[in-house]
Amino acid sequence: MARYAQVHGSVALITLTNPPVNALSAAVRHGITETVTRALRDPEVKSVVICGENGVFCGGADIREFAKPMGGPPLVPMIAAIEEGDKPVVAAIEGVALGGGLELALGCHYRIAHTKALVGLPEVTLGLLPAAGGTQRLPRLIGIAPALDLITTGRHVAAQQALKLGIVDQVTDQSTVDVAIQFAKQVVGQPLLPRKLSTQPTPCPPDVDILLEEAMTQVKRRARGAIAPVACVMAVRAAATLPYRAGMQKEQELMATLFRSSQAHALQYCFFAQRAVGRWKLSSGAHSGNSKPRPVSKAAVIGLGTMGRGITVALVKAGIAVVAVETSDKQLQMGKQIVSEMLKREAQKRNETPRLDLIRFTTSMLELKDSDLVIEAVFEDMPLKKQVFKELSSVCKADAFLCTNTSGLDVDELAAVTKTPELVVGMHFFAPAHVMKLLEVVCGSRSSPEAVATAMYLGKRLGKVSVAVGNCPGFVGNRMLRPYLEEANFLLEEGATPELVDGALEEFGFAMGVFRMSDLSGLDVGWRIRKESGLTGPDVDPSDPPRRRQGQRYSPLPDLVCEQGRLGQKNGRGWYLYDKPGGRVATPDPKIHQLLEEYRLKHGIRPRRVDRQEVVERCLFALINEGFRILDDGIAAGPEDIDMIYVFGYGWPRHRGGPMFYAGMVGLPKVLERLEHYWQAHPDVPHLEPSALLRRLVDSGSPPIDTWRDFLQRPHSQL
Ligand SMILES: CC/C=C\CC(=O)SCCNC(=O)CCNC(=O)[C@H](O)C(C)(C)COP(=O)(O)OP(=O)(O)OC[C@H]1O[C@@H](n2cnc3c(N)ncnc32)[C@H](O)[C@@H]1OP(=O)(O)O
């Protein structure tokens, strides 16, 4: 899978041919080994150019092969043979040179890149390190600090920046291969040794130890338990402190540990899951392959609250014209000012001019008449949303898509008040909507394939990971969140503190524990929803005991906290005390501890010691259990969909693969056994009752996650 040609008489042109990204599969490695040997042996060949077919140099090692036994020639000696050869080899980089692809290029003596090319060592995002010499050659080429940055973050670098850093020798906007061939002819006869990176010393600043220590501290803080970034720093340290051969040895040792790790499996699963969720399928048989999105050139956003503002900014950043609607002039002016500031900040980051000209702010719904797609983002209140949808249905053009940003209300109920229910679909963004990568596309029972395809595609244009889900209260993400939050509250009743619960979840890898997250979102949001559903406030059934509602255990603790005027970070007091209203520095609050003690005393609860393991099991296994129910109900098509929702929308640590993957990693029998244990202890908590799907999977010998779809009762029936 590498083509060989002799061009311009004396140049061997080797082209990698493994579409779509010319990944270095065993066949490609075999092809490179064979063609390079041929070129080096042929006396007519004076220099060599390596390029990739279809405008892509190489996307790196073939990630699918990592799960199989290793076959074919290994990368390290293959790249060493190129570098050690006595003929100049030039890499012609178009498209991407990533991971093993860039390592191959680093083994070449020269690198020419197209202006639009991207290079990088993203192995860390797959739980690995660049183990084909990348951690040893890159620091020798560009120095310790920039190499640490690229290797520990895995970020892609555009050609011009790669030129500045010294990764590539030349950038061209012409045919890269032609330029590389000319270049290859010119460098024949020039000394090759200085171009062989493995023979060069690593340029080290005098304070290299401090630099490496700081890098280690920084990655540990950022990594939240991920091991690959730490190993990356250790490998670069080897490049700074050891000769090349010993450095390579260290690289291989570190890689061997990472390669077998559950984190690497989780991260590689995420890589493919992220791509798989784009291939949606509806119960009607329509799917991403046979349903075309309609172009959206003009969108509208109704409501300029937090969500509406973020959605407007996301649309404008994608170059889409927006009509932004508010009810009153005052609200409109406030929205306009905040959106403008947000856009200016965003543009500043990208060194661009803010596209304020793309937005028309108005209080008149009549201005929506030529919008292709409208996103309603008003208050989370069904009667209000219905009123908006009725109005939209009469003012918008007949084929306009009508979308709701509801976080859990019934999309079918909204569709029913319109003249075009087939054009109604949910687009559930996550705050801040211009930043968060997740979009839940909620398919109502009457949503057309075209409406779903358009919402999914629009999400992609906005840079989101769009996941199609069915219509049920809370959809996927928020439905699973409920048992998670409830278990956290029950743990407080039983003896835990907010900081103990959050500490356990943060140690697991969440950026923020459940109580800090609730404080950030605002405690009044959930309070209002609980009042509306009769769980607290005047509508509570007076015959309900204080800690039971609607036939099951209920914790009124969050209501009590709100009643004390503690609304979270925004007013400086919630489950924690903050440095100031809106401040971010959270400290444990003795008043909350006192409230918990008084509460337990009042309800005759004898506090017990809750450990971190119980926190993780009760909160996360309850959430996972709901995930199994969602799968069996046909609300999500597969475990990958749930996992991507949690990784991109709820801060689930990516190196743990998402909740469903994690369940498989822990072992389904163990999850089942712990749920049974906790359910026995708390029979009044229905969400702890193990789901039927979990039981079926365990009874079937706990099959691997990629076969779970075969065990679903009604696969994607609600999609
Ligand atoms: C000793 C170890 C040495 C080296 C280790 C490595 O090299 S690890 C691999 C490092 N490389 C990467 O991490 C790059 C991964 N790929 C990407 O980032 C993107 O795919 C890329 C190349 C930027 C292209 O993006 P684009 O949006 O254009 O396409 P898409 O991501 O949808 O990919 C298209 C299909 O190609 C599959 N694919 C991509 N890269 C690889 C790969 N390295 N190995 C195997 N398969 C790869 C991808 O899954 C898509 O296929 P699909 O069937 O749709 O899932």
Side-chain angles (χ1 to χ4, degrees), residues 1 16 18-29 32 52-68 70-80 93-107 116-138 150-151 153-159 228 231-232 235 248-261 264-265 267-280 287-289 437 457 460-461 463-466 638 640 644 654 706:
M1 306 253 283
L16 315 191
N18 185 18
V21 301
N22 298 320
L24 295 164
S25 63
V28 173
R29 297 196 304 276
I32 297 174
E53 197 168 52
N54 293 335
V56 179
F57 182 71
C58 176
D62 186 340
I63 305 165
R64 288 189 198 278
E65 281 186 356
F66 292 165
K68 303 176 195 158
M70 169 82 182
L75 272 178
V76 172
M78 182 195 92
I79 294 172
I93 302 174
E94 293 175 318
V96 295
L98 297 174
L102 179 57
E103 291 175 291
L104 168 64
L106 293 173
K116 291 197 175 141
L118 295 172
V119 303
L121 293 174
E123 284 88 341
V124 69
T125 64
L126 299 167
L128 304 173
L129 52 73
T135 65
Q136 304 305 300
R137 285 198 180 90
L138 191 66
L150 293 194
I151 293 171
T153 62
R155 72 186 177 88
H156 299 178
V157 171
C232 286
M248 283 299 284
Q249 173 84 23
K250 185 75 185 167
E251 182 187 272
Q252 295 308 306
E253 283 166 19
L254 290 163
M255 177 65 157
T257 309
L258 292 180
F259 200 77
R260 289 189 299 267
S261 70
H265 295 163
L267 288 160
Q268 288 156 30
Y269 162 83
C270 285
F271 176 83
F272 290 113
Q274 186 176 337
R275 282 150 183 86
V277 297
R279 294 188 284 268
W280 52 272
H287 55 81
S288 46
K437 290 275 283 178
Y457 182 65
K460 195 171 175 183
R461 273 184 77 188
K464 310 283 177 205
V465 174
S466 311
E640 300 85 358
M644 292 305 96
R654 195 177 164 95
D706 57 357

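All heavy atoms count here, side chains included; hydrogens, waters and symmetry mates do not. When a ligand or atom number is given, it counts from 1 through the structure's own listing order.
- Atom 4 (C) of ligand 1 lies below 4.0 Å from at least one non-hydrogen atom of the protein.
- For ligand 1, the polar-atom distance check against R275 finds a nitrogen or oxygen pair separated by under 3.5 Å.
- A donor-acceptor distance shorter than 3.5 angstrom exists from the side chain of N22 to the backbone of V56, with no hydrogens or angles considered.
- For R279, every heavy-atom contact with ligand 1 shorter than 4.0 Å involves the side chain, none the backbone.
- Distances below 4.0 Å separate heavy atoms of G60 from the following atoms of ligand 1: 7 (O).
- Residue D62 approaches ligand 1 through these ligand atoms, each under 4.0 Å from one of its heavy atoms: 44 (N), 45 (C).
- Taking only nitrogen or oxygen atoms, main chain and side chain alike, G100 reaches within less than 3.5 Å of ligand 1.
- In this structure, the side chain of R64 does not engage the main chain of S25 through any donor-acceptor pair within 3.5 Å.
- Set against the non-hydrogen atoms of F272, the atoms of ligand 1 under 4.0 Å away are 49 (O).
- Shown here, atom 49 (O) of ligand 1 is in close reach of the protein: a heavy atom of it lies under 4.0 Å off.
- Using a 4.0 Å cut-off between heavy atoms, I63 contacts ligand 1 through both its backbone and its side chain.
- With rounding to the nearest 0.5 Å, the separation of CG in L150 from CG in L102 is 8.5 Å.
- A pairwise comparison of heavy atoms in E103 and L121 identifies CG-CD2, 3.9 Å as the closest pair.
- Considering all non-hydrogen atoms of both residues, F57 and G101 come closest at CE2-O, 3.3 Å.
- To the nearest 0.5 Å, the span separating CE on M70 from CZ on R29 amounts to 4.0 Å.
- Contact annotation: for V56 versus ligand 1, there are no heavy atoms closer than 4.0 Å.
- Summarising the contacts of atom 34 (C) of ligand 1 with P20, P74, S25, the nearest heavy atom is found in P20.
- Between the side chain of Q252 and the main chain of A131, a donor-acceptor pair closer than 3.5 Å is present.
- Note: no N/O pair closer than 3.5 Å links G101 and ligand 1 by distance alone.
- For ligand 1, the atoms sitting less than 4.0 Å from at least one non-hydrogen atom of E103 are 3 (C), 4 (C), numbered in the order shown with element in parentheses.
- For atom 23 (C) of ligand 1, the closest heavy atom belonging to the protein is L98 CD1, 3.8 Å.
- Proximity of L126 to ligand 1, defined as any heavy-atom pair under 4.0 Å, is confined to the side chain (atoms from C-beta onward).
- Scanning the protein for heavy atoms near atom 39 (C) of ligand 1, the closest one is V21 CG2, 3.7 Å.
- Scanning the protein heavy atoms around atom 53 (O) of ligand 1, the nearest turns out to be R64 NH2, 3.4 Å.
- Of all non-hydrogen atoms in C232 and L128, the two that sit nearest each other are SG-O, 4.1 Å.
- Side-chain N or O atoms of R461 include none that pairs as donor or acceptor with a backbone N or O of Y457 at under 3.5 Å.
- A distance of 11.0 Å separates NZ of K250 from OG1 of T135, quoted to the nearest 0.5 Å.
- Below 4.0 Å from some heavy atom of M255 lie the following atoms of ligand 1, by number and element: 2 (C).
- N18 contributes a side-chain N or O that, together with a main-chain N or O of A23, makes up a donor-acceptor pair within less than 3.5 Å.
- Taking every heavy atom of both residues into account, A26 and G72 meet most closely at CB-CA, 4.1 Å.
- Shown in contact with G99 at under 4.0 Å from a heavy atom are these atoms of ligand 1, numbered in order with element: 7 (O), 10 (C).
- Of the protein's heavy atoms, at least one falls inside 4.0 Å of atom 55 (O) of ligand 1.
- The presence of a protein heavy atom under 4.0 Å from atom 26 (P) of ligand 1 is ruled out.
- The nearest pair of heavy atoms linking R137 to L106 is CD-O, 3.7 Å.
- Annotation: G59 places an N or O atom under 3.5 Å from an N or O atom of ligand 1; distance criterion only.
- Checked against a 3.5 angstrom limit, the closest N/O atoms of A61 and ligand 1 fall inside it.
- Numbered from 1 in the order shown, with element, the atoms of ligand 1 that lie under 4.0 Å from a heavy atom of L75 read 3 (C).
- Minimum interatomic distance between P122 and G99 (heavy atoms only, all atoms of both residues): CD-N, 3.3 Å.
- In this structure, atom 29 (O) of ligand 1 has its sub-4.0 angstrom surroundings free of protein heavy atoms.
- No donor-acceptor distance shorter than 3.5 angstrom exists from the side chain of E251 to the backbone of A235, with no hydrogens or angles considered.
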